[in-house]
There are 4 protein chains.
Amino acid sequence: MEHTFKILPEEKREFILSAAARVFAKNGYYHANVAEICKQAGISNGALYKYFKNKEAVYRSIFEVMVDTLHSRLFAKHVGSDASVYEIISEIFRDLVDLARTHADFLAIYTDVGSCAMNELSPSVSRKLEEGARGFWIDLVRKGKETGEIKKHVMDEAAAYYFDNHLNLLIYSLASRHFDMRLQMYFGSDDEKIADEEKARLLMKSVKMILS
Amino acid sequence: MEHTFKILPEEKREFILSAAARVFAKNGYYHANVAEICKQAGISNGALYKYFKNKEAVYRSIFEVMVDTLHSRLFAKHVGSDASVYEIISEIFRDLVDLARTHADFLAIYTDVGSCAMNELSPSVSRKLEEGARGFWIDLVRKGKETGEIKKHVMDEAAAYYFDNHLNLLIYSLASRHFDMRLQMYFGSDDEKIADEEKARLLMKSVKMILS
Amino acid sequence: MEHTFKILPEEKREFILSAAARVFAKNGYYHANVAEICKQAGISNGALYKYFKNKEAVYRSIFEVMVDTLHSRLFAKHVGSDASVYEIISEIFRDLVDLARTHADFLAIYTDVGSCAMNELSPSVSRKLEEGARGFWIDLVRKGKETGEIKKHVMDEAAAYYFDNHLNLLIYSLASRHFDMRLQMYFGSDDEKIADEEKARLLMKSVKMILS
Amino acid sequence: MEHTFKILPEEKREFILSAAARVFAKNGYYHANVAEICKQAGISNGALYKYFKNKEAVYRSIFEVMVDTLHSRLFAKHVGSDASVYEIISEIFRDLVDLARTHADFLAIYTDVGSCAMNELSPSVSRKLEEGARGFWIDLVRKGKETGEIKKHVMDEAAAYYFDNHLNLLIYSLASRHFDMRLQMYFGSDDEKIADEEKARLLMKSVKMILS
DNA sequence: AATGAATGAGTTTTCATTCAT
DNA sequence: AATGAATGAAAACTCATTCAT
């Protein structure tokens, strides 16, 4: 992200990033088209390359926003909360479902980074995102152990990983057609699609199993 | 897959498909290069287009082999088995770890199909694979309920979905650098990488929770 | 230069190289346009990139041909000759004038490589060419000393360098408009251009000065 | 060069021109980047286009300064001098070596204008420069004939051209890597680079040959 | 007068697909 | 059936120039 981008009016900056996110979400990193990003963002090809060094830099910038968005929209409000672990995760899942309506592209991009196609880029791109999540879950588990919601003998990391896995599964279910199809196959019927809320509910059932 | 491909000697057929799989695994569908596939397969560019209608058809064919391979290497031997659910899943996970050594490419490609980049292709491509898995898990759950390993009140689909999710998580952990990095962050240290067997063990711990 | 280029019919190969040379000669390396090269060569854009790794590789290939052409057309016939040094250089200059008619592009490209614009590329590109020339001149000087045409006390390298400098000046005069203008300014009149033969003659006069 | 440029403080004007010269010297005319010129000159893109009609006009302006600089630094002090021709040329060569330290860019740009890439621009750009040089050399030759340093039968223009050619060769040797490499090949060794003073000395040896 | 963001045509390069042999 | 050279549209990226402020 270049200086020229940082000094843009916030509105325009967000518009450009969300246009780029939309294109990356629809096509994945490699199949995404810089010209289409520009068109959707309402800027010239040249402008984009004034704002960002290259296609990869655009992708990375989206990730930075994504880290902030996911953290602030999912985790931030629960730091220091004294709600039950169950209640907190429930709300996180519900918030994620909301997020899927306003920022579906972010979730889609998240599913892209887990693909083997992104093995080259992903480690450097997604580390910060995962570290933030890990920190949150570990804290939550420790709190859960204090309140007795989580059994003492469970390893902190194992429980945290378990929670994060389920968050991941929900993200994939909300954003990836392959995962949506799987869910449909298990719980759906031909005439109705499984609602996002139902996806959250189904995964909460699994989550519950780690709680005593 | 064209008739010309079907009448090829089985050995050559497999060689071509595994070469293609290798390339798709390394780069993902869109970033994979048809010319490189041909080179690795030791055939001419023209030959590939005699054997397959286009790039997509090659990808689809690989999926067909993948379905068979995964089913026969992971599930087939346990159909009708009277081993415990726990034992069966353990063995499936162990077999998957073995598979990761001989057919790493298949697992990588599987992580590709879950990406948003593949939303256009994935439903038609992966349905059969998931249906096979679902059938197996549902049967296993029913058996588990009979033997008392799984509580009666648990919904068949929920438990099956739970098992399949964990299989998925293991596949992703074995094949995707992003998922490997996550695991490393939770359970690893700087100086040693988490072994594949350890990944299976960690996910088995989660699986166990659904078993009474 | 790729294998695909080497196996082309010689006629086509030469046609492509001479088309490329024409474009490089007209515009210099950086201003030369790959698409125009393709058009002039009567091949598709893609074909060029099957034949050569990139624009630079095309340039380098032209140099290889140039080395051979210049050496065989200017120097080769005089190796082992027992003509006088003066006679030999005279003939080289006359041959160069002929070459300027059939291969003007080569000479133009040679003037390009001496420009500061080419400081990055030139050392690796032109070394072989200069080494060949140096070898020839040194031998000639030694012979000239034996026959008494060149005074013994003159350093071999100094005389060789002197000859090569004059060859260079002739090349530049034949190919570069800037050098042509200079000549015109010294020896020309408004209504008639200095003929190439006259350029050679004028520089021979300088060359003569080193001969006793 | 527009009026707006002429009314700039001299210091700023020179700073801009020397920044532009630096960029042209490094990259040659076509490869030079207007934006980089602006950056190095510490002015805005827009400002440059207020000062100059276009890139070409900047280049031409540099040439004007170059003409003055070369003339005043190399030739001016010797007009009307009664030193020997040899002494004068020696000093010019020494001054050129000094100039190469303070105004290396000018010399580099001079090598650019001799390239075929500049055939379109060069005649109109460099005429004045060459005319100045020619005038000086012709006068010097005439004086040399009077003092007997140069033989009477030598044509004025031929001698003048000879001197100018050697000045040219020295400029190229000082500024172009290709010419530096040539020199190195003739007179250098692997472990030490030929110093600029040595280059001047070597070419003086050739110059001497025209002096009786 | 000065800015520097914006433009968009132009650049080099890639690649799925075709087709003459 | 098989080849692999050829295609050309499309990709990412650059850059001289303009223009609203």
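Chain identifiers are assigned alphabetically (A, B, ...) following the order of the sequence lines, protein sequences preceding nucleic acid strands; residue numbering begins at 1 within each chain. What's counted below: heavy atoms across the whole structure, side chains too, no hydrogens, waters or symmetry copies. Computed from a predicted structure; not experimentally measured.
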* Run the numbers on F52(A) and R60(A) for side-chain contact (heavy atoms from CB on, under 4.5 Å), then give the verdict. => CA-CA 10 Å; F52(A) 301 95; R60(A) 287 182 187 279; over 6 Å; no
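Residues N54(A) and Y59(A) have side chains that never bring a donor and an acceptor to within less than 3.5 angstrom of each other. S122(C) and R127(C) share no donor-acceptor pair across their side chains, judged by distance under 3.5 Å alone.
Ring pair H31(D)/F24(D): centre-to-centre distance not below 6.0 Å.
For DNA chain F, if you chain together Watson-Crick or G-U pairs that step i with j, i+1 with j-1 and so on, the runs of at least three with distances under 3.5 Å are E:2-21 with F:2-21.
Both T4(B) and Y30(D) sit near DNA chain F, but only T4(B) has its closest nucleotide nearer the 5' end.
Spacing between atom CD of E36(C) and atom C1' of dG10(E) amounts to 13 Å, rounded to whole angstrom units. Rounded to an integer number of Å, the gap from OH of Y29(A) to P of dA11(F) is 15 Å. One interatomic measurement links the two molecules: CD1 of I16(A) to C1' of dA5(E), which rounds to 11 Å at whole-angstrom precision. Rounded to whole angstrom, the span from the CD atom of E2(D) across to the P atom of dA1(E) amounts to 11 Å. dA16(E) atom P lies 11 Å from atom NE2 of H31(B), rounded to whole Å.
In terms of phosphate contacts, K12(A) brings a side-chain nitrogen or oxygen within less than 4.0 Å of OP1 or OP2 of dA6(E). When the side-chain nitrogen and oxygen atoms of N33(D) are compared with OP1 and OP2 of dT14(F), none of them lie within a distance under 4.0 Å.
Remark: N45(B), G46(B), Y49(B), N54(B), K55(B) in residues 44-56 of chain B come within less than 4.0 Å of DNA chain E through at least one heavy atom.
Of the candidate nucleotides dA10(F), dT12(E), dC15(F), dT12(E) has the atom lying nearest to any side-chain atom of V34(C).
In this structure, E120(D) places its CD atom where only 12 or fewer heavy-atom neighbours from other residues, nucleotides or ligands lie under 6.0 Å away.
For the pair K55(A) and Y29(A), the cation sits on the ring face: its NZ or CZ lies under 6.0 Å from the ring centre, inside 45° of the axis.
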